[in-house]
Amino acid sequence: ITGRAFESKRGLFEAVGQIALESGIINSEDDFIEGLLEREKEMSTCFEDGIAIPHCRNESVEKLAIFIVKSMNDITWDDQQNSANFIVLLSVPGGEDDTHLSLLSKVARKLVDETFKKKILALSDAEQIYENFNELVTE
């Protein structure tokens with residue numbers, strides 16, 4: 001999702017949830033959003049440079065998917081007033097522990113690579129962002 005502003009983290013989760021439900025990736029938007037919010041309660045998924053990697057692994061998820069959101073505005077992400085505008089949201093079917101950890105690790109490692117991070121944050125075209133992340137996932 002590019003070219004859109006979000007009032008809140010929940011609003012972003014709702015927008016992704018709607019797309020995920022329409023695409024058959026999840027079977028319950030409410031359970032998906034709840035899974036994302038529960039994960040955030042454990043520990044914020046916001047990192048430096050306005051990047052967040054929220055993820056949901058529960059029974060509402062039917063298919064593994066990565067959603068990339070480049071918000072037009074900064075979204076207050078946690079109680080420490082960290083904000084994010086580049087969000088890589090992972091949906092992982094419940095029970096797939098190894099897949100979840102492997103994918104999360106790949107994404108996190110790539111996003112701490114300064115060259116990749118600068119490149120990806122400078123992009124605004126959804127297709128270019130997709131191509132860069134598709135390469136990451138298929139490595």
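These numbers come from a predicted model, not from an experiment.
- In terms of modelled atom types and a separation under 3.5 Å, the side chain of Asn27 and the main chain of Val61 share no donor-acceptor contact.
- With a 4.5 Å cut-off on side-chain heavy atoms, Glu14 and Gln18 do not count as touching.
- At a threshold of 4.5 Å between non-hydrogen side-chain atoms, the residues Ile87 and Ile75 count as touching.
- Looking only at side-chain heavy atoms (C-beta outward), Leu89 and Val69 stay at 4.5 Å or farther from each other.
- Taking 4.0 Å as the cut-off between side-chain N and carboxylate O, Glu48 and Lys117 count as a salt-bridged pair.
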Handout entry: side chain to side chain donor-acceptor pair (under 3.5 Å) assessment of Ser60 paired with Asp31
Key = CA-CA 6 Å; Ser60 71; Asp31 290 346; 5.8 Å; no
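- Side-chain contact between Phe13 and Ser8 is absent, with no heavy-atom pair separated by less than 4.5 Å.
- When atom types are taken as modelled, the side chain of Lys70 and the backbone of Leu123 share a donor-acceptor pair closer than 3.5 angstrom.
- The closest side-chain heavy-atom distance from Phe67 to Leu90 is not below 4.5 Å.
- Contact check for Phe47 versus Ile53: side-chain heavy atoms found under the 4.5 Å cut-off.
- Residues Ile120 and Val112 fall into different hydrophobic clusters, defined by Ile, Leu, Val, Met, Phe, Trp and Tyr side chains chained together at heavy-atom separations under 4.5 Å.
- Phe116 carries Lys110 over the face of its six-membered ring, with the cationic atom under 6.0 Å from the centre and within 45° of the normal.
- A donor-acceptor pair under 3.5 Å is absent between the side-chain atoms of Glu40 and the main chain of Pro54, judged by distance alone.
- Side-chain contact between Phe32 and Val16: present, with at least one pair of heavy atoms (C-beta onward) separated by less than 4.5 Å.
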Handout entry: CA sep, side-chain torsions, deciding dist, call: Asp30, Ser28, side chain to side chain donor-acceptor pair (under 3.5 Å)
Key = CA-CA 5 Å; Asp30 290 340; Ser28 169; 5.5 Å; no
